[in-house]
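For this chain, numbers begin at 1 and follow the sequence in order. This is a predicted model, so every value here is computed, not measured.
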Amino acid sequence: MAEQEQVPRIGRNESTEERMDRNWMELIQELRVLQTGVQILGGFLLTLPFQSRFGELDDWQRGLYLFNVMVAALTTVLIVIPVSVHRRLFRRGLKATLVSSADAVTKWALGGVALLIVGSATLVFDFTAGRTAGIVAGGFIVLTLLLLVVGMPLRLYRQGMSNNGHTKEE
């Protein structure tokens, strides 16, 4: 007997509510990953003033350190916002609004994490290997983040659109 030809599925067989629930759960998982990274980097930053060599920081390094602490704090706030909004909108029939706003906030939080990664690495390289090394390391990380965090998803999206020839809603 001839095997049936497998036709790839396009989309999912789910209701709008089911899709919103799935999207919400995916966002929450992504926020958990972000939260862990921010906690690790933020914790690292908060221990630095208690190190004996912290007093050796020059004005630029001290400013970069304080900038990084501020970015860590603000990024933490961004990561908490979707949970806070969920608490306020819970059982009010606004899941689509919740998912849409959490998506936007999560993108800002990703930007904060990227900035925190660059700033923290720049500070460490600057302090341990000199200003030039710090700037080069920070610049390299910026380029790498742009390539991987921005460029790769855009490339995959374009590739997927050209392969599928259609758009589909997540």
Side-chain angles (χ1 to χ4, degrees), residues 6-49 63-124 137-170:
Q6 293 289 327
V7 178
R9 285 186 53 170
I10 298 172
R12 297 172 187 251
N13 186 20
E14 59 187 2
S15 68
T16 300
E17 291 82 11
E18 290 169 331
R19 186 175 66 248
M20 289 298 112
D21 288 343
R22 180 177 52 80
N23 287 344
W24 173 250
M25 292 310 298
E26 289 175 7
L27 278 164
I28 290 299
Q29 291 294 52
E30 292 169 5
L31 288 168
R32 286 182 180 139
V33 171
L34 288 175
Q35 180 182 17
T36 301
V38 171
Q39 285 176 329
I40 290 169
L41 284 173
F44 158 75
L45 290 169
L46 293 177
T47 64
L48 289 181
L64 181 56
Y65 167 78
L66 293 172
F67 174 79
N68 287 334
V69 170
M70 184 62 73
V71 170
L74 293 174
T75 302
T76 301
V77 168
L78 287 172
I79 291 169
V80 171
I81 287 173
V83 176
S84 174
V85 170
H86 181 264
R87 285 293 93 210
R88 303 294 252 160
L89 299 183
F90 186 66
R91 294 187 179 162
R92 296 192 183 202
L94 297 169
K95 182 70 70 115
T97 301
L98 174 64
V99 170
S100 177
S101 66
D103 176 59
V105 169
T106 301
K107 289 173 184 169
W108 282 98
L110 280 167
V113 170
L115 198 56
L116 185 56
I117 291 168
V118 171
S120 296
T122 301
L123 177 62
V124 169
F140 177 76
I141 294 170
V142 166
L143 291 174
T144 302
L145 283 168
L146 286 173
L147 181 68
L148 297 177
V149 176
V150 178
M152 181 184 285
L154 287 173
R155 181 171 183 239
L156 292 172
Y157 175 76
R158 288 184 189 131
Q159 181 181 351
M161 294 306 295
S162 66
N163 290 342
N164 294 334
H166 69 278
T167 62
K168 74 177 180 183
E169 198 172 319
E170 286 191 38

Say whether, by atom type as modelled, one donor and one acceptor occur between the side chain of [X] and the main chain of [Y] under 3.5 angstrom.
{"X": "Ser120", "Y": "Ile117", "value": "no"}
{"X": "Ser84", "Y": "Val80", "value": "no"}
{"X": "Thr144", "Y": "Phe140", "value": "yes"}
{"X": "Thr47", "Y": "Phe44", "value": "yes"}

Note to self: With heavy-atom distances below 4.5 Å as the criterion, would you say the side chains of Leu27 and Pro82 are in contact?
What the structure shows: no

Check: How about Leu147 and Leu143: do any of their side-chain heavy atoms sit closer than 4.5 Å?
Finding: no

Check: For Arg87, does the CZ atom have more than 12 heavy-atom neighbours from other residues, nucleotides or ligands under 6.0 Å away?
Finding: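 Correct, the count exceeds 12.
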
Minimum-distance pair of heavy atoms, taken over all atoms of [X] and [Y]:
{"X": "Ser162", "Y": "Gln159", "answer": "OG-O, 2.9 Å"}
{"X": "Val71", "Y": "Gly112", "answer": "CG1-O, 3.5 Å"}
{"X": "Glu30", "Y": "Thr106", "answer": "OE1-CG2, 4.3 Å"}

Note to self: Using the rule given for side-chain hydrogen bond (donor to acceptor under 3.5 Å, both in side chains), can you reason through Gln29 versus Arg32, listing the C-alpha separation, both sets of side-chain angles and the distance that settles it, and then say yes or no?
What the structure shows: CA-CA 5 Å; Gln29 291 294 52; Arg32 286 182 180 139; 2.6 Å; yes

Check: Hey, are Arg22 and Glu26 close enough for a salt bridge, meaning a charged N less than 4.0 Å from a carboxylate O?
Finding: yes

When rounded to the nearest 0.5 angstrom, what is the spacing between [atom1] in [X] and [atom2] in [Y]?
{"X": "Phe67", "Y": "Leu116", "atom1": "CZ", "atom2": "CG", "value": "9.0 Å"}
{"X": "Phe90", "Y": "Lys95", "atom1": "CZ", "atom2": "NZ", "value": "8.0 Å"}
{"X": "Ile79", "Y": "Leu110", "atom1": "CD1", "atom2": "CG", "value": "8.5 Å"}
{"X": "Asn23", "Y": "Glu14", "atom1": "CG", "atom2": "CD", "value": "7.5 Å"}
{"X": "Asp21", "Y": "Thr16", "atom1": "CG", "atom2": "OG1", "value": "11.0 Å"}
{"X": "Ile141", "Y": "Leu148", "atom1": "CD1", "atom2": "CG", "value": "12.0 Å"}

Margin query: Consider side-chain contact (heavy atoms from CB on, under 4.5 Å). Of Val113, Thr76, Leu78, which one does Leu34 pass it with?
Written below: Val113

Item checked: Verdict with reasoning, Leu123 to Leu48, per side-chain contact (heavy atoms from CB on, under 4.5 Å) -> CA-CA 11 Å; Leu123 177 62; Leu48 289 181; 4.2 Å; yes

